[in-house]
Amino acid sequence: MLEVAPDLLGCVVSFGGCEGVIVETEAYHFTEPACHAYVGVTPRTAVLHGPPGTAYVYRSYGIHALLNAVCEAEGVGAAVLIRALEPTAGIEAMRMRRGAGELCNGPGKLTQALGIGLGENDTSLVSGPVRILRGEPLEYVTGPRIGITKAAELPWRFCALGSRDVSRPWPPGLRASLAA
DNA sequence: CATGGGATTGACT
DNA sequence: GTCAATCCCATGC
């Protein structure tokens, strides 16, 4: 999975006529406490332990939807959280949903921008409504994960270089690439 | 059956 | 920088 997460950078997420290039991901694995699958297989986390290539949409703080891509073999319990996109198509539709401001520079924002909701949970990323298309590999930097309270020190955050559509704080290496 | 936590965001001081 | 909003579900009694 630690190979899949950076591999997703540069891939395209497509949903409802909107598309965006993945520029930030975070890896989650059931062996570390930050992952929902850590507690074991439950009705909600079952999809995390399911077959790879499946979307796992989760509501955080009762408000925001977070989009994950399940990876690893069935029964492993691992996923890659998609934290940020760079919009490439359907931008007007995103603006209608999001209003003014940044569209996809945060996990909760990108789902709202694309219109992805809890209804897309447990759908295929290959043949379902939400699709992930293979794209060009991107250069990236790693860093600690953001916004979690457990195991935040693991360097399982992957940010594409040269994109401003990434949630802050940016790792030092990414700041340098933006300045250039 | 009741309670608390959670991978976030946006507004206010 | 700090604080509140708000819903699902895992855990505990």
Side-chain angles (χ1 to χ4, degrees), chain A residues 1-2 4-9 11 13 15 18 20 22-50 52-72 75-87 94-123 125 130 132 140-160 163-171 174:
Chain A
M1 176 193 59
L2 290 180
V4 176
D7 210 43
L8 278 176
L9 294 173
C11 293
V13 174
F15 177 73
C18 299
I22 299 173
V23 292
E24 183 177 2
T25 64
E26 278 179 13
Y28 284 88
H29 196 266
F30 75 98
T31 53
E32 43 95 12
C35 183
H36 289 174
Y38 176 70
V39 298
V41 181
T42 67
R44 188 178 55 144
T45 62
V47 57
L48 284 174
H49 296 261
T54 305
Y56 171 56
V57 182
Y58 154 74
R59 184 180 303 282
S60 175
Y61 290 78
I63 306 175
H64 308 285
L66 280 60
L67 176 62
N68 302 255
V70 178
C71 53
E72 291 292 348
V76 173
V80 176
L81 168 67
I82 297 173
R83 284 192 60 90
L85 297 180
E86 189 171 303
M94 295 185 195
R95 284 213 173 281
M96 289 183 65
R97 276 188 288 263
R98 287 275 314 137
E102 299 299 321
L103 294 175
C104 298
N105 66 331
K109 296 181 196 175
L110 76 88
T111 52
Q112 186 185 1
L114 293 191
I116 294 174
L118 298 182
E120 278 63 53
N121 187 30
D122 198 18
T123 60
L125 292 170
V130 184
I132 292 186
Y140 63 91
V141 294
T142 61
R145 292 177 296 177
I146 306 298
I148 57 178
T149 59
K150 300 173 219 171
E153 72 285 355
L154 292 172
W156 286 3
R157 184 185 184 211
F158 303 87
C159 296
S163 175
R164 289 169 48 81
D165 295 315
V166 173
S167 58
R168 63 196 184 93
W170 298 318
L174 180 53

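Below, chain A is the first sequence line, B the second, and so on; all start at residue 1.
As judged by a 4.0 angstrom heavy-atom cut-off over every strand, A/Y56 is placed among the base-contacting residues.
In this structure, A/E24 and A/N105 have side chains that are not in contact, with every pair of non-hydrogen atoms separated by 4.5 Å or more. The shortest distance between side-chain heavy atoms of A/H36 and A/Y28 does not fall below 4.5 Å.
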Next on the checklist: Set out, in order, the CA-CA distance, both residues' side-chain angles and the distance that settles side chain to side chain contact (heavy atoms under 4.5 Å, CB included) for A/T111 and A/L66, then state yes or no.
Outcome noted: CA-CA 7 Å; A/T111 52; A/L66 280 60; 5.7 Å; no

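If you check distances only, the side chain of A/H36 does reach the base of B/dA7 with a donor-acceptor pair under 3.5 Å.
Annotation for A/G40 and A/H49: closest pair O-NE2, 3.6 Å, computed over non-hydrogen atoms. Closest heavy-atom contact between A/D122 and A/T54: OD1-CG2, 3.7 Å.
Side-chain atoms of A/T25 do not come within 3.5 Å of backbone N or O of A/L9 as any donor-acceptor pair.
Under the side chain to side chain contact (heavy atoms under 4.5 Å, CB included) criterion, A/P6 pairs with A/Y140, A/F158, sequence neighbours left out. Every side chain to side chain contact (heavy atoms under 4.5 Å, CB included) that A/N121 has, sequence neighbours left out, goes to A/V47, A/Y56, A/V57. Partners of A/R97 according to the side chain to side chain contact (heavy atoms under 4.5 Å, CB included) rule, which considers only residues two or more places apart in sequence or in another chain, are A/C18, A/A93.
A straight line from OH of A/Y38 to P of B/dG6 spans 13 Å, rounded to a whole angstrom. Here the P atom of nucleotide B/dA7 and the CD atom of A/E153 are 13 Å apart, to the nearest Å.
In DNA chain C, runs of at least 3 consecutive Watson-Crick or G-U pairs, each pair with both distances below 3.5 Å, span B:1-6 with C:7-12, B:8-12 with C:1-5.
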At a cut-off of 3.5 Å, list every protein nitrogen or oxygen paired with a nitrogen or oxygen from nucleotides 1-4 of chain B, distance to 0.1 Å.
none

Next on the checklist: I'd like to compare against my own output: the B/S/- annotation of nucleotides 6-13 of chain C with a strict under-4.0 Å heavy-atom distance to protein.
Outcome noted: BB-SSS--

